[in-house]
Amino acid sequence: MKILIVNGPNLNLLGVREPGIYGTSSFEQYLPQLQALYPNIDIEYYQSNVEGELINKLQEVGFTYDGIVLNAGAYTHTSVALHDCIRSLKSPVIEVHISNVHQREEFRHQSMISAACKGVICGFGLDSYRLAVSALVES
(Lines give C-alpha, C1' and ligand atoms only; values in the text may rest on other atoms or scores of the structure.)
Protein backbone atom coordinates (compact mmCIF):
# COMPACT_ATOMS: atom_id res chain seq x y z
CA MET A 1 0.00 0.00 0.00
CA LYS A 2 1.24 3.49 -0.91
CA ILE A 3 0.04 6.68 0.76
CA LEU A 4 1.20 10.21 0.04
CA ILE A 5 0.98 12.94 2.66
CA VAL A 6 0.81 16.40 1.09
CA ASN A 7 1.25 19.61 3.06
CA GLY A 8 0.49 22.99 1.58
CA PRO A 9 1.63 26.55 2.24
CA ASN A 10 3.48 27.49 5.40
CA LEU A 11 3.42 23.94 6.75
CA ASN A 12 7.14 23.75 6.07
CA LEU A 13 7.34 26.01 9.15
CA LEU A 14 5.80 23.50 11.57
CA GLY A 15 7.66 23.62 14.87
CA VAL A 16 8.44 27.31 14.33
CA ARG A 17 5.16 28.87 13.18
CA GLU A 18 2.68 29.65 15.97
CA PRO A 19 3.65 26.74 18.25
CA GLY A 20 0.60 27.40 20.43
CA ILE A 21 -1.57 26.34 17.49
CA TYR A 22 0.65 23.99 15.50
CA GLY A 23 2.97 22.52 18.15
CA THR A 24 6.74 22.47 18.46
CA SER A 25 7.58 19.54 16.19
CA SER A 26 8.38 19.81 12.51
CA PHE A 27 6.69 17.40 10.13
CA GLU A 28 10.10 15.95 9.30
CA GLN A 29 10.49 15.06 13.00
CA TYR A 30 7.02 13.51 13.12
CA LEU A 31 7.12 11.51 9.87
CA PRO A 32 9.50 8.72 11.06
CA GLN A 33 7.20 8.09 14.03
CA LEU A 34 4.23 7.74 11.70
CA GLN A 35 6.14 5.47 9.33
CA ALA A 36 7.19 3.27 12.28
CA LEU A 37 3.52 2.77 13.20
CA TYR A 38 2.85 1.44 9.69
CA PRO A 39 5.98 -0.50 8.67
CA ASN A 40 4.18 -2.32 5.85
CA ILE A 41 2.82 0.89 4.30
CA ASP A 42 4.92 3.05 2.00
CA ILE A 43 4.23 6.55 3.37
CA GLU A 44 5.75 9.34 1.30
CA TYR A 45 5.73 13.07 2.01
CA TYR A 46 5.55 16.18 -0.16
CA GLN A 47 5.25 19.86 0.76
CA SER A 48 4.90 22.96 -1.39
CA ASN A 49 3.88 26.56 -0.89
CA VAL A 50 2.73 26.73 -4.52
CA GLU A 51 -0.82 25.75 -5.50
CA GLY A 52 0.11 24.54 -8.99
CA GLU A 53 2.87 22.32 -7.62
CA LEU A 54 0.39 20.73 -5.21
CA ILE A 55 -1.97 20.03 -8.11
CA ASN A 56 0.85 18.57 -10.21
CA LYS A 57 1.84 16.22 -7.38
CA LEU A 58 -1.75 15.14 -6.72
CA GLN A 59 -2.22 14.36 -10.41
CA GLU A 60 1.11 12.51 -10.52
CA VAL A 61 0.11 10.02 -7.79
CA GLY A 62 -3.68 10.25 -7.73
CA PHE A 63 -4.28 7.40 -10.14
CA THR A 64 -1.86 4.84 -8.71
CA TYR A 65 -1.51 5.40 -4.95
CA ASP A 66 -3.89 3.85 -2.45
CA GLY A 67 -4.61 7.14 -0.73
CA ILE A 68 -3.62 10.74 -0.16
CA VAL A 69 -3.63 12.70 3.09
CA LEU A 70 -3.91 16.40 2.25
CA ASN A 71 -3.38 19.38 4.50
CA ALA A 72 -3.87 22.14 1.95
CA GLY A 73 -3.25 24.87 4.53
CA ALA A 74 -4.79 28.18 3.53
CA TYR A 75 -5.61 26.82 0.07
CA THR A 76 -8.31 24.78 1.83
CA HIS A 77 -10.40 27.93 2.04
CA THR A 78 -9.72 29.39 -1.40
CA SER A 79 -8.85 26.78 -4.02
CA VAL A 80 -11.46 25.69 -6.51
CA ALA A 81 -8.53 24.33 -8.52
CA LEU A 82 -7.59 21.89 -5.74
CA HIS A 83 -11.25 20.89 -5.39
CA ASP A 84 -11.46 20.11 -9.11
CA CYS A 85 -8.16 18.23 -9.00
CA ILE A 86 -9.25 16.04 -6.08
CA ARG A 87 -12.52 15.22 -7.85
CA SER A 88 -10.58 14.01 -10.90
CA LEU A 89 -8.41 11.52 -8.96
CA LYS A 90 -9.03 7.82 -8.43
CA SER A 91 -7.12 7.73 -5.12
CA PRO A 92 -9.19 8.67 -2.06
CA VAL A 93 -8.15 11.93 -0.40
CA ILE A 94 -8.55 12.70 3.31
CA GLU A 95 -8.49 16.39 4.25
CA VAL A 96 -6.47 17.02 7.42
CA HIS A 97 -5.93 20.01 9.69
CA ILE A 98 -3.68 20.14 12.73
CA SER A 99 -5.85 22.67 14.56
CA ASN A 100 -9.61 22.63 14.94
CA VAL A 101 -10.36 25.13 12.21
CA HIS A 102 -13.90 25.58 13.57
CA GLN A 103 -12.48 27.14 16.74
CA ARG A 104 -10.48 29.67 14.77
CA GLU A 105 -11.21 32.68 12.56
CA GLU A 106 -14.50 32.53 10.70
CA PHE A 107 -12.86 32.40 7.25
CA ARG A 108 -11.30 29.06 8.26
CA HIS A 109 -14.75 27.53 8.84
CA GLN A 110 -15.34 27.09 5.10
CA SER A 111 -13.46 24.51 3.05
CA MET A 112 -13.43 24.55 -0.72
CA ILE A 113 -12.06 21.00 -0.82
CA SER A 114 -14.10 19.04 1.79
CA ALA A 115 -16.86 18.09 -0.64
CA ALA A 116 -14.29 16.49 -2.94
CA CYS A 117 -12.59 14.49 -0.16
CA LYS A 118 -13.51 11.14 1.32
CA GLY A 119 -13.39 12.60 4.84
CA VAL A 120 -12.08 15.40 7.04
CA ILE A 121 -10.03 15.16 10.24
CA CYS A 122 -9.13 18.23 12.27
CA GLY A 123 -8.05 19.34 15.70
CA PHE A 124 -5.84 16.49 16.86
CA GLY A 125 -2.46 18.09 16.26
CA LEU A 126 -0.01 16.03 14.24
CA ASP A 127 -1.98 12.94 15.28
CA SER A 128 -4.56 14.05 12.70
CA TYR A 129 -2.23 12.55 10.09
CA ARG A 130 -2.15 9.18 11.86
CA LEU A 131 -5.93 9.17 12.06
CA ALA A 132 -6.11 9.84 8.32
CA VAL A 133 -3.61 7.10 7.47
CA SER A 134 -5.56 4.72 9.72
CA ALA A 135 -8.78 5.60 7.90
CA LEU A 136 -7.16 4.88 4.54
CA VAL A 137 -5.62 1.59 5.72
CA GLU A 138 -8.89 0.37 7.21
CA SER A 139 -11.15 1.36 4.31
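Here the structure is a predicted model, which is why all the values come from computation and not from measurement.
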Pairwise distance [atom1]([X]) to [atom2]([Y]) - rounded to 0.5 angstrom:
X: D127; Y: I121; atom1: CG; atom2: CD1; answer: 9.5 Å
X: I41; Y: K2; atom1: CD1; atom2: NZ; answer: 12.0 Å
X: H83; Y: R87; atom1: NE2; atom2: CZ; answer: 4.0 Å
X: S48; Y: L11; atom1: OG; atom2: CG; answer: 11.0 Å
X: Q47; Y: I5; atom1: CD; atom2: CD1; answer: 13.0 Å
X: K118; Y: I68; atom1: NZ; atom2: CD1; answer: 12.5 Å

Close side-chain approach of [X] to [Y], heavy-atom, < 4.5 Å:
X: I98; Y: Y129; value: yes
X: L126; Y: L14; value: yes
X: V133; Y: L37; value: no
X: Y45; Y: N7; value: yes
X: I55; Y: Q59; value: yes
X: S79; Y: E51; value: yes
X: S111; Y: V120; value: no
X: E44; Y: L4; value: yes

N49 and N12: CA distance, side-chain angles, deciding distance, side-chain contact (heavy atoms from CB on, under 4.5 Å) verdict: CA-CA 8 Å; N49 293 318; N12 56 309; 3.3 Å; yes
Check the hydrophobic clustering (I, L, V, M, F, W, Y; side-chain heavy atoms under 4.5 Å; chains of links allowed) and say if [X] and [Y] are grouped together.
X: L58; Y: F27; result: no
X: M112; Y: L70; result: no
X: V93; Y: L131; result: no
X: L136; Y: Y30; result: yes
X: V61; Y: I94; result: no

Kindly give the heavy-atom pair with the smallest separation between [X] and [Y], and that separation in Å.
X: C122; Y: S99; result: CB-O, 3.6 Å
X: P39; Y: A36; result: CD-O, 3.5 Å
X: Y75; Y: P9; result: CD1-CD, 3.3 Å

Evaluate side-chain contact (heavy atoms from CB on, under 4.5 Å) for M1 paired with V137, printing each intermediate quantity in order. CA-CA 8 Å; M1 186 170 206; V137 168; 4.0 Å; yes
Is it true that, when you exclude Y38 itself, more than 12 heavy atoms of the residues, nucleotides or ligands shown sit nearer than 6.0 Å to its OH? yes
Hey, is the main chain of R130 close enough, under 3.5 Å, to the side chain of S134 for a donor-acceptor pair? no
Short side-chain to backbone donor-acceptor contact, D66 and I3, under 3.5 Å: no
Would you mind telling me which of I86, V69, T76 makes a side-chain contact (heavy atoms from CB on, under 4.5 Å) with E95? T76
Between L54 and Y46, is a side-chain contact (heavy atoms from CB on, under 4.5 Å) present by the stated rule, with each step listed? CA-CA 9 Å; L54 295 170; Y46 178 79; 4.2 Å; yes
